[in-house]
Amino acid sequence: MDFRFDEDQELLQTTVRDFLEGEITAEVVRGLWETKTARSPELWKTLAEIGLPGMLVPEEHGGMGMDEVDFVLLLEETGRAGLAEPIVATAAVAAPMLRGVGGDLAKQWLPKIATGDAIVAVGHPSLPFVEDAHVADLLLLPAGDELHAVLAADVEITEQPTNDPSRRIASVSFAAAEGTRIASGADAAQLWETAFDRGALACAAQALGACDRMLQIAVEYTSERKQFGKPIGSFQAVKHHLAAVKVKLEYARPVVQRAAHSVASGSAKRGLHVSMAKLVACEAAVFGAKQTLQCHGAIGYTWEQDLHVWMRRAWSLDRSWGRSPAHLARVRAAILEPDARLGAGTTFSNA
Amino acid sequence: MDFRFDEDQELLQTTVRDFLEGEITAEVVRGLWETKTARSPELWKTLAEIGLPGMLVPEEHGGMGMDEVDFVLLLEETGRAGLAEPIVATAAVAAPMLRGVGGDLAKQWLPKIATGDAIVAVGHPSLPFVEDAHVADLLLLPAGDELHAVLAADVEITEQPTNDPSRRIASVSFAAAEGTRIASGADAAQLWETAFDRGALACAAQALGACDRMLQIAVEYTSERKQFGKPIGSFQAVKHHLAAVKVKLEYARPVVQRAAHSVASGSAKRGLHVSMAKLVACEAAVFGAKQTLQCHGAIGYTWEQDLHVWMRRAWSLDRSWGRSPAHLARVRAAILEPDARLGAGTTFSNA
Amino acid sequence: MDLTFTREQDGFRAEARAWLGAHVPGEPLRSFDTAEGAKQHREWEAILNGGGWAMVPWPVEYGGRGANLLEWLIFEEEYYRAGAPKRINQNGIFLLGPTIMEYGTPEQKARFLPKMASSEEVWVQGWSEPNAGSDMANIQTTAIRDGDHFIVNGQKTWASRGAFGDWLFGMFRTDPESERHKGLTFILAPLDLPGITVRPIEQLDGLPGFAEVFFDDVRVPVEHQLGEEGQGWQVAMSTAGFERGLMLRSPARFQDTARRLVELYRANAADVEDAIRDEVARCWIGAEAYTLETFRTVSRLLAGGKIGAESSLNKIFWSELDLRMHELALEILGDRGDLLPGAPAAEGVGSWLDGYLFALSGPIYAGTNEIQRNIISERLLGMPR
Amino acid sequence: MDLTFTREQDGFRAEARAWLGAHVPGEPLRSFDTAEGAKQHREWEAILNGGGWAMVPWPVEYGGRGANLLEWLIFEEEYYRAGAPKRINQNGIFLLGPTIMEYGTPEQKARFLPKMASSEEVWVQGWSEPNAGSDMANIQTTAIRDGDHFIVNGQKTWASRGAFGDWLFGMFRTDPESERHKGLTFILAPLDLPGITVRPIEQLDGLPGFAEVFFDDVRVPVEHQLGEEGQGWQVAMSTAGFERGLMLRSPARFQDTARRLVELYRANAADVEDAIRDEVARCWIGAEAYTLETFRTVSRLLAGGKIGAESSLNKIFWSELDLRMHELALEILGDRGDLLPGAPAAEGVGSWLDGYLFALSGPIYAGTNEIQRNIISERLLGMPR
């Protein structure tokens with residue numbers, strides 16, 4: 001029992017944080033909002049150079065060969081950076097799906113993911129829209145109980161503009177064919193289930209980062225901004241708003257990290273742990289958005305203030321890969337099972 | 001349209017407030033807790049002298065002949081005073097029930113209620129326990145769809161001690177007989193329905209008073225008590241705790257007063273209005289208990305501090321005459337009816 | 001206590017309902033924070049004014065019909081019931097209007113009020129400055145007397161309707177040696193004066209609901225001073241805050257939102273958790289409570305009562321209620337909750353997303369809810385400063 | 001990251017489980033805040049000590065078995081799993097013990113720790129005074145040196161276990177000229193010394209969980225001073241606050257409550273609204289989150305890490321969670337929620353009402369949650385004072 005990351009993992013986190021801080025500012029995000037896709041092929045290539053898209057791609061396919069425990073800290077950093085590139089779809093979900101499917105498909109696409117030459121989007125059967133379909137080269141899509149891999153040229157995409165210019169979702173339709181089917185029945189079901197958990201886990205990790213960033217922005221602002229001759233951050237009401245966010249954030253973080261461990265180790269409780277993580281991390285982020293906005297006063301309510309870049313991220317992550325009611329329902333079902341093991345000593349699997 | 005009380009009503013409120021302040025202190029309440037019944041026949045007689053038990057008893061039977069609008073301000077005062085005598089059961093519920101039944105029963109009992117010579121308890125079919133059965137001379141009780149009036153000697157009372165020494169409830173059983181039946185069928189149903197609304201309304205009004213009293217106690221304490229060289233009431237966190245209670249209280253009050261008007265005028269929306277009132281008034285009081293306790297710190301957590309007398313009242317009133325889920329269900333049902341009139345201009349009956 | 005409307009009040013309601021039913025546009029107008037929408041809204045206000053309904057509680061000579069506050073509440077109920085457009089000139093008719101009524105000279109009343117009622121002149125609110133947000137007394141924009149003009153220099157911000165409005169009102173520091181609440185004067189200024197630059201600010205919905213307004217040696221005639229020189233703070237503060245709040249946040253607005261929320265829930269009940277149902281009911285109760293408290297207060301005011309710090313209770317209650325209703329609506333909309341109205345899958349989403357973004361500002365503007373809680377605790381509860 | 005227990009840890013767990021299974025009383029004991037219950041609890045502690053389980057993380061020579069913090073967590077899990085009694089000497093073993101371990105002389109350790117572990121001496125906490133609640137530095141009770149004794153005068157309050165305990169610990173002002181944090185000394189005093197009067201305080205559940213302790217020229221030997229004279233504040237503050245917190249509020253406690261809450265819900269599901277179900281699930285998640293964060297922190301501490309203001313996060317989280325769980329339980333119990341355990345209709349109500357009254361004190365004691373939020377904002381977030 002050692003609930004810590006090792007030095008390499010922590011070093012990588014710091015490296016990625018520093019890198020993202022240099023590459024992605026609020027200005028960069030705003031710039032991307034003005035583009036047609038809100039995505040940057042150049043940025044994606046740069047991310048590939050530090051290995052982000054191929055983090056879960058096996059080394060034999062040119063990836064980093066890491067697991068979700070290694071990845072979770074980095075995903076938190078992408079959330080902190082406000083990064084909207086398709087890291088969740090391609091790196092966190094599609095890459096391990098393709099690894100699971102194996103064969104030629106994996107051989108063909110995994111190396112391209114690792115080098116940043118392919119973006120893969122995933123349309124989960126339980127979700128109405130597909131994220132990042134508009135920039136995908138390949139899409140993993142459901143048809144009945146089958147899983148299909150479809151080239152961008154063969155799908156019809158209807159974009160669904162949302163409140164977050166960084167969030168790009170679409171309705172996608174395609175003609176399912178023998179040639180596109182890559183799994184069916186129990187195999188497909190298993191792939192879809194783990195895909196859902198990986199997507200939700202990645203969003204949870206990003207939500208932690210987004211929440212932390214909003215706190216940082218609010219602490220800086222309220223320490224500078226003066227009213228009645230004092231920094232507004234010295235007023236108890238403002239302090240307590242932000243302290244409440246900090247409590248939620250710090251008690252969400254270990255839940256997310258444990259979920260990463262459960263996914264990486266293939267624990268039977270993986271789905272339960274991921275749903276808990278998605279729930280608490282997104283609640284912290286959405287609550288954080290509300291509280292930090294309030295602490296900013298009117299300035300927070302403007303397009304030009306940076307806060308809303310992360311506020312919209314928080315809202316979007318809350319909506320991605322299963323909204324809270326769906327995740328809460330999974331938790332509820334698990335603990336209300338007649339033979340559920342609950343109580344002291346049941347948290348870790350071999351206790 | 002004039003949503004005000006008249007001068008007489010306000011004068012009576014002031015009079016009753018002053019009277020109760022003189023008669024009932026926290027010390028008196030504590031003293032009664034030490035007695036077997038937690039009730040005082042002497043106090044009840046004194047209350048009868050100012051007309052409280054007979055407020056809704058017609059003048060022809062020696063009462064004040066007033067209605068719920070007149071009474072609601074006084075009920076609030078009994079809540080402020082922490083009065084636990086059976087005003088709700090006898091004055092607010094039983095008296096108008098007996099008035100509704102009429103005949104010899106009314107002639108026999110209403111004058112005694114007015115003079116303070118009889119206490120009448122009511123066991124509503126939807127509620128498991130009967131309040132103040134232990135001191136009742138007459139009990140109005142259900143049996144199937146019938147309503148029975150039973151003398152104290154003919155019932156079996158099993159007291160159910162609770163967390164609030166002022167709250168005295170019991171399970172009651174009796175042998176229903178031809179001679180005790182006073183209504184059945186639709187008549188009884190109608191009597192039970194209005195009894196429920198009157199009981200809930202009275203509790204809501206008392207809850208307002210209890211909430212206001214707790215606020216007063218907390219404001220006084222936090223203005224005196226010093227920490228870090230300042231009254232703790234000057235700290236924003238403490239202020240905002242109490243300000244939040246004040247908001248809830250002041251927006252509950254008109255809801256209760258409107259419900260009183262609807263009961264007095266026999267409005268078709270009476271039940272809906274009463275349930276709203278019970279819900280918001282008890283929520284304010286329960287929230288007020290939590291916030292004022294927190295503002296007291298450790299001293300609030302003791303038996304010797306007065307606060308808990310009203311805190312327990314708040315909890316007890318929340319439990320009396322229908323708990324929140326039952327009242328919320330009534331509201332929910334009303335607004336989700338297919339032909340419910342909702343929206344601007346639907347608040348008052350002839351709009 | 002009489003909770004029924006009189007025959008006269010019912011008659012007034014019927015008249016308003018009939019007129020609105022005949023004139024309210026069938027199609028919703030665009031937002032008045034767009035150029036096209038501003039034009040549409042001015043046209044609507046002209047129609048409203050033509051019917052004599054632009055500002056019912058004002059005296060007839062200023063374009064009103066001399067109604068009392070209760071009739072105003074009734075009119076608002078009918079206005080929302082009819083689904084009529086938002087009021088583009090709300091800063092003028094609801095905020096500045098009552099102040100001019102109290103402090104204006106006869107000439108100022110005649111000059112400004114009729115064109116305000118008709119929205120020929122749309123007013124811009126100039127309360128805030130970069131260093132005067134919640135701390136409204138920290139005003140630094142100066143207006144120095146020079147003969148029969150003030151020379152104005154400085155900057156106002158969060159000037160709502162700034163992008164498409166005509167006149168600005170606000171406090172300016174006329175005594176440069178003064179501090180805080182002293183030495184301020186309430187001044188009205190047309191935005192087309194030389195030296196004024198308006199820079200729109202995009203808000204969270206991407207529209208320029210606010211503007212920054214820069215003053216560079218702007219000459220404003222002294223006849224546009226409202227109230228006495230140096231008494232700006234009193235002018236801004238002393239008028240009935242409640243009446244203003246009532247105008248802007250009449251119960252009808254929240255009752256209408258609550259009704260739409262219940263309908264939204266009904267339409268989607270099969271897809272949402274049962275717990276939502278209770279929250280919807282609580283919101284509806286909240287809108288009723290707000291209505292009841294407003295009628296209670298108006299009854300008191302009509303009988304000669306006064307209102308003071310109680311308006312802080314009001315501010316907190318409506319802003320929290322409004323935000324909660326919009327949060328719930330997005331929750332009910334589920335996966336469709338963040339779709340822009342133009343999205344192909346956005347059928348049935350209505351304007352809840354826009355409403356949510358607007359509702360988020362409720363606890364912030366017109367004095368943050370933190371400031372209101374200070375006022376409640378100190379002025380209503382009597383807690384120590 | 002390794003989230004599985006080692007073979008040794010599993011073995012330790014098995015041993016604890018077997019011993020507890022064989023020794024935990026079948027019937028619940030009475031509250032240790034009653035005379036009879038105090039006696040029962042001392043007897044249980046003697047059995048626990050006899051088995052060598054009284055204070056597992058302490059060195060063997062003081063009655064422990066030299067376990068580390070992780071093993072402590074495992075022991076606690078088994079202790080709660082077995083439904084074993086609450087710890088009457090918690091102020092001693094969990095709060096004072098670690099302080100003596102750090103600051104005590106060899107003689108003091110030998111004198112106090114073994115009898116603390118065995119609960120032959122039950123300790124009373126003397127932190128608060130009438131004017132020193134959340135503001136702990138405002139201590140006024142004096143202890144003036146007179147040869148080899150201190151002469152103690154003044155009053156402690158909220159002294160938990162005061163009614164049935166043996167020894168008191170706390171800070172006393174040894175330099176009467178000093179102010180605030182300075183001039184305080186940490187002193188241990190037997191309650192049977194002449195001049196000490198103990199007056200029990202009834203708490204909300206009607207039991208004397210606290211006492212006021214009055215000192216009237218009480219002579220306490222200087223050998224009972226812990227740490228240096230005048231360094232009382234440092235002694236009280238510097239020992240690992242987290243470890244103390246962990247002892248008193250180990251995750252097992254809240255996991256056990258969450259389990260009982262889920263079971264209560266299951267038993268009453270038909271009678272309560274569906275919305276309750278979600279809240280129960282959220283509470284269970286909260287208990288899991290608390291457990292995970294604790295294991296994460298203990299992993300860090302075992303690897304040489306430190307903990308500081310983070311314990312304020314901890315305080316807020318567990319106290320709010322505990323209160324919420326008990327509120328929900330009473331909600332599920334419905335009409336039976338306020339019945340005393342002896343009431344005829346109280347079948348199945350368990351000890352939720354008592355637990356609720358106790359949980360209400362969570363956000364208050366050990367530093368109110370308001371104080372904790374100050375600490376979080378200033379020390380963890382770096383906001384201005």
Side-chain angles (χ1 to χ4, degrees), chain B residues 1-6 9 69 215-216 218-219 222-223 230-231 233-234 236 238-248 250-255 257-258 260-262 264-265 267 273 275-276 279-280 283 325 328-329 331-332 334-336 338 340 342-351, chain C residues 1-6 9-10 13 70 74 76-81 251-253 255-256 258-260 262-263 265-266 269 277-278 280-282 284-286 288-293 295-296 298-300 302-303 310 312-313 316-317 320 370 372-374 376-378 380-385:
Chain B
M1 172 64 61
D2 187 1
F3 203 147
R4 290 181 307 144
F5 292 90
D6 64 31
Q9 289 165 330
V69 174
L215 262 183
Q216 183 201 335
V219 168
T222 59
S223 300
K230 295 201 290 185
S234 66
Q236 231 180 7
V238 174
K239 284 181 173 172
H240 290 197
H241 280 335
L242 299 184
V245 177
K246 181 74 173 164
V247 173
K248 274 195 197 290
E250 293 305 329
Y251 278 86
R253 194 170 267 132
V255 181
Q257 294 176 350
R258 193 264 302 258
H261 184 272
S262 297
S265 63
S267 159
H273 293 171
S275 280
M276 289 165 64
L279 207 57
V280 294
E283 267 180 14
L328 190 54
V331 176
R332 222 165 53 194
I335 64 173
L336 291 177
L342 306 172
T346 61
T347 301
F348 297 100
S349 51
N350 68 339
Chain C
M1 185 176 295
D2 176 6
L3 300 188
T4 54
F5 293 107
T6 62
Q9 287 162 343
D10 284 341
R13 181 188 295 278
L70 251 170
I74 294 170
E76 278 282 282
E77 290 185 341
E78 293 305 318
Y79 195 85
Y80 275 90
R81 194 177 164 283
R253 172 175 146 198
Q255 290 184 291
D256 189 58
R259 175 190 59 76
R260 291 187 292 114
V262 172
E263 285 168 8
Y265 171 74
R266 271 195 193 133
R277 207 175 49 173
D278 290 347
V280 169
R282 282 177 198 279
W284 182 79
I285 294 172
E288 282 281 289
Y290 185 77
T291 305
L292 292 165
E293 174 60 14
F295 275 85
R296 193 171 75 131
V298 165
S299 296
R300 202 148 57 78
L302 288 181
E310 291 89 342
S312 291
L313 299 166
I316 289 176
F317 194 84
E320 292 183 347
E370 288 73 27
Q372 308 297 343
R373 288 191 195 95
N374 283 353
I376 291 167
S377 57
E378 290 166 12
L380 294 179
L381 294 175
M383 295 176 77
R385 276 175 183 274

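Each chain gets a letter, A, B and so on, in the order the sequences are listed, and its residues count up from 1. Model, not experiment: these values are computed from the prediction.
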Self-check item: Salt bridge Asp256(C)-Arg260(C), side-chain N to carboxylate O under 4.0 Å
Solution: yes
Practice problem: Measure Val255(B) against the heavy atoms of chain C and call it side chain, backbone, both or neither at under 4.5 Å. | Solution: both
Quiz prompt | Best-contacting candidate, Gln372(C), Arg259(C), Arg277(C), against chain B by heavy atom pairs under 4.5 angstrom | solution = Arg277(C)
Practice problem: Would you check if Met276(B) and Trp284(C) make a side-chain contact, meaning some heavy-atom pair closer than 4.5 Å? | Solution: yes
Quiz item: When only pairs under 4.5 Å are counted, which of Glu76(C), Arg300(C), Arg282(C) shares the most heavy-atom pairs with chain B?
Solution: Arg282(C)
Exercise. Answer yes when Arg266(C) and Glu263(C) have at least one side-chain N-carboxylate O distance shorter than 4.0 Å, and no when they do not.
Key: no
Practice problem: Against chain B, label Tyr265(C) side chain, backbone, both or neither, depending on which of its atoms sit under 4.5 Å from a heavy atom there. | Solution: side chain
Self-check item: Side chain / backbone / both / neither for Leu381(C) at chain B, heavy atoms under 4.5 Å
Solution: both
Practice problem: Using a cut-off of under 4.5 Å on heavy-atom pairs, state which of Ala264(B), Ala243(B), Ala244(B) scores highest against chain C. | Solution: Ala243(B)
Exercise. Would you mind telling me which of Glu288(C), Glu78(C), Glu310(C), Arg81(C) has the largest number of heavy-atom pairs within less than 4.5 Å of chain B?
Key: Glu288(C)
Self-check item: chain C contact via Asp2(B) - which portion, at a heavy-atom distance below 4.5 Å
Solution: both
Practice problem: Can you tell which part of Val69(B) gets under 4.5 Å to a heavy atom of chain C, answering side chain, backbone, both or neither? | Solution: side chain
Quiz item: Is the shortest distance from a Lys or Arg side-chain nitrogen in Lys248(B) or Glu283(B) to a carboxylate oxygen in the other one below 4.0 Å?
Solution: no
Self-check item: Portion of Glu250(B) that has a non-hydrogen atom of chain C nearer than 4.5 angstrom
Solution: both
Quiz item: Of the listed residues (Ile376(C), Leu302(C), Asp2(C)), which shares the most heavy-atom pairs with chain B below a 4.5 Å separation?
Solution: Asp2(C)
Practice problem: Below 4.5 Å from any heavy atom of chain B, which atoms of Glu378(C) appear? Answer side chain, backbone, both or neither. | Solution: side chain
Quiz item: Do His261(B) and His273(B) come close enough that some side-chain heavy atom pair is under 4.5 Å?
Solution: no
Quiz prompt | Toward chain C, the part of Pro338(B) with a non-hydrogen atom under 4.5 Å | solution = backbone
Exercise. Against chain C, work out which of Leu215(B), Leu336(B), Leu242(B) has the most heavy-atom pairs shorter than 4.5 Å and name it.
Key: Leu336(B)
Self-check item: Side chains of Glu77(C) and Arg13(C) in contact at under 4.5 Å (non-hydrogen atoms)
Solution: yes
Quiz prompt | Side-chain touch Met1(C)/Asp6(B), heavy atoms, less than 4.5 angstrom | solution = no
Quiz item: Could Glu320(C) and Arg373(C) be called an ion pair, given the rule that one side-chain N must be under 4.0 Å from one carboxylate O?
Solution: yes
Quiz item: With ring centroids as reference points, do Phe295(C) and Phe3(B) lie under 6.0 angstrom apart?
Solution: no
